[in-house]
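Hydrogens, waters and symmetry mates are skipped; everything else that's a heavy atom, side chains included, is used.
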Amino acid sequence: MRQIQIGNTVETVVERADFPPEKIQGILGGETVAVLGYGVQGRGQSLNMRDNGVRVIIGLREKGRGWDLAQQDGWIPGETLFSMEEAAQRGSIVQYLLSDAGQKEQWPRIKPYLTPGKALYFSHGFSIVYRDQTGVVPPEDIDVILVAPKGSGTTVRRLFLEGRGINASFAIHQDATGRARDRCLALGIAIGSGYLFETTFQKEVFSDLTGERGVLMGAIYGLWLAQYEVLREHGHSPSEAFNETVEEATQSLYPLIAENGMDWMYANCSTTAQRGALDWFRRFRDATKPVFEELYQRVASGEETRRVLECNSKPDYREGLEKELREVADSEMWQAGAVVRSLRPERAAKSKG
């Protein structure tokens with residue numbers, strides 16, 4: 001473990017070196033980890049744990065959409081692939097990785113199998129923090145822990161296979177056994193984390209819901225769309241508008257930020273770009289900060305979770321969601337994106353080969 005200081009704040013982070021394979025086995029060797037759900041997080045985390053020598057079983061709705069995919073990945077019905085109830089019964093650690101709406105729906109079926117001494121694991125604080133809406137109240141005689149990778153389950157798996165690791169937060173909500181922290185940290189490294197930083201269930205869900213609606217997904221797409229539309233309305237071609245809005249950001253500038261930070265990215269751009277960025281970023285901050293504050297308050301009050309649960313519980317939600325996503329995919333901006341991506345040198349070379 002290592003202490004890091006950022007400004008006046010000192011944090012303790014847990015690194016992969018703190019939990020080598022033999023330590024993970026010492027903590028989890030006698031455990032059976034039941035992963036309920038085989039979406040992007042369930043799939044990525046379970047495969048990484050299996051590769052790290054942890055005993056893992058999968059629990060799914062029988063013959064549901066994930067059942068065939070799980071079998072393709074080597075999970076065997078009756079041996080490592082079970083119904084959710086049977087997996088929850090067999091597991092000493094139950095990773096509850098269904099969707100937030102799915103966790104609410106399935107909770108009455110899963111709770112009876114959370115017997116004394118087990119651990120209930122989440123990768124999102126949603127169900128616990130908003131228990132007045134979800135009804136998810138764990139028994140007092142089990143551990144309740146969280147490891148939240150800061151990225152998609154697809155990225156969790158990809159970085160693991162590349163020998164790297166994703167950043168993740170961890171939290172202990174309930175320590176009934178005295179082993180909750182060890183279990184949590186060992187699982188955090190076993191699922192493929194590069195390093196872990198501590199939080200609480202509430203802080204995790206508040207930051208996560210704000211980030212997803214904000215700069216990670218909602219706000220960034222809104223900004224891209226606004227700039228693209230302005231450029232198109234002023235006569236710029238779709239290719240030019242897309243390249244100046246999205247392609248240059250994702251393929252050139254954002255990797256520079258990831259490599260060494262915003263100041264380094266600025267230092268590696270033209271003096272004209274530097275001057276413009278430094279002159280304009282405060283305008284965008286001042287224009288959007290009230291929107292972020294409103295968003296945070298809606299998250300904290302539970303309004304955003306109410307909308308999520310209400311929408312996801314509708315019987316036709318999947319059809320409506322697919323329609324909304326198709327509208328994005330069929331928009332001119334992302335049609336331009338598909339063409340531009342196909343023209344990247346590595347893809348063009350593959351198509352010629």
Neighbour count above 12 (heavy atom, 6.0 Å) for M262 CE: no

Main-chain N/O of A168 paired with S193 side-chain donor or acceptor, under 3.5 Å: no

Within-4.5 Å side-chain heavy-atom neighbours: D316 and E319: yes

CA sep, side-chain torsions, deciding dist, call: F160, N52, side-chain contact (heavy atoms from CB on, under 4.5 Å): CA-CA 10 Å; F160 176 83; N52 271 325; 3.5 Å; yes

More than 12 heavy atoms of other groups within 6.0 Å of R285 CZ: yes

Check: W334 ring centre within less than 6.0 Å of F242 ring centre: yes

Closest non-hydrogen atom pair, D18 against V13: OD2-O, 4.3 Å

Verdict with supporting geometry, R232 and E240, salt bridge (charged side-chain N to carboxylate O under 4.0 Å, His left out): CA-CA 9 Å; R232 290 290 288 127; E240 185 168 51; over 6 Å; no

Contact check, side chains of R213 and E304, non-hydrogen atoms, under 4.5 Å: yes

Pair E162 + R157, salt bridge at N-O below 4.0 Å: no

Residues D100, K104: salt bridge by 4.0 Å N-O rule: no

Y96 with L60, same ILVMFWY side-chain cluster at under 4.5 Å: no

Close side-chain approach of F197 to T12, heavy-atom, < 4.5 Å: no

Inter-residue atom distance F82.CZ - I58.CD1, 0.5 Å rounding: 10.5 Å

Transitive ILVMFWY side-chain link L159 to V54, under 4.5 Å: no

From CD1 (I189) to NZ (K23), nearest 0.5 Å: 10.0 Å

D73 and Y38 side chains, donor-acceptor separation under 3.5 Å: yes

K111 side chain vs V137 backbone, donor-acceptor pair below 3.5 Å: yes

Minimal non-hydrogen separation, T245 against W224, with atom names: CG2-O, 3.3 Å

Any L343 side-chain heavy atom under 4.5 Å of R341 side chain: no

I172 vs D175 side-chain heavy atoms within contact, under 4.5 Å: yes

Side chain proximity check, V144 to F201, heavy atoms < 4.5 angstrom: yes

For Q45 against P149, the heavy-atom pair lying closest together: NE2-CG, 3.8 Å

Carboxylate-amine/guanidinium proximity below 4.0 Å for D143 and R183: yes

Closest contact, heavy atoms only, H124 versus L146: C-CD1, 3.6 Å

S331: partners by side chain to side chain donor-acceptor pair (under 3.5 Å), with sequence neighbours left out: none

I93 and K118, any side-chain heavy atoms less than 4.5 Å apart: no

Lys/Arg N to Asp/Glu carboxylate O, R55 vs E31, below 4.0 Å: no

Nearest-0.5 Å distance that lies between atom NE2 in H236 and atom CG in N243: 13.0 Å

T134/W107 under side-chain contact (heavy atoms from CB on, under 4.5 Å): CA gap, chis, key distance, verdict: CA-CA 9 Å; T134 64; W107 180 246; over 6 Å; no

Ring-face cation contact, Y317 with K314, 6.0 Å cut, 45° max: no

NZ or CZ of R50 within 45° of W75 ring axis and under 6.0 Å: yes

Separation between CZ of R275 and SG of C269, rounded to the nearest 0.5 Å: 13.5 Å

Single-linkage hydrophobic cluster, 4.5 Å side-chain cutoff, L216 and V308 together: no

Salt bridge flag under 4.0 Å for residues E303 and R306: yes

Atom of T115, atom of I142 and distance for their closest heavy-atom approach: O-CG2, 3.3 Å

Under 3.5 Å donor-acceptor, R16 side chain and R164 backbone: yes

Check: S92 side chain, T32 main-chain N or O, donor-acceptor pair, under 3.5 Å: yes

Side-chain H-bond candidate by donor/acceptor type, Q41 with S123, under 3.5 Å: no

Test of ring centre spacing under 6.0 Å for F292 and Y296: no

ILVMFWY network linking L295 to V205, side-chain heavy atoms under 4.5 angstrom: yes

Worked check of side-chain contact (heavy atoms from CB on, under 4.5 Å) between M84 and I110: CA-CA 8 Å; M84 281 196 290; I110 301 305; 4.1 Å; yes

Rounded distance (nearest 0.5 Å) linking atom OG1 of T155 with atom CG of N167: 11.5 Å

Transitive ILVMFWY side-chain link V147 to I128, under 4.5 Å: no

Spacing of L321 atom CG and R326 atom CZ [to the nearest 0.5 Å]: 10.0 Å

Trace of the side-chain contact (heavy atoms from CB on, under 4.5 Å) decision for V35 with L97: CA-CA 7 Å; V35 178; L97 299 182; 4.0 Å; yes

Validation row: R2, Y195 side chains within 4.5 angstrom (heavy atoms): no

Q89 and E85: side chain donor to acceptor below 3.5 Å: no

Lys/Arg N to Asp/Glu carboxylate O, R90 vs E86, below 4.0 Å: yes

Heavy-atom donor-acceptor pair, Q5 side chain to G7 backbone, under 3.5 Å: yes

Distance-only donor-acceptor check, side chains S169 and E204, under 3.5 Å: no

Contacts of Y228 that satisfy side chain to side chain donor-acceptor pair (under 3.5 Å) - sequence neighbours left out: E332

Short side-chain to backbone donor-acceptor contact, T200 and K203, under 3.5 Å: yes

Minimum-distance pair of heavy atoms, taken over all atoms of A171 and T199: CB-O, 3.4 Å

Shared-cluster residues of V230, by chain and number - hydrophobic side chains joined below 4.5 Å: none

CD/E22: more than 12 non-hydrogen atoms of other groups inside 6.0 Å: yes

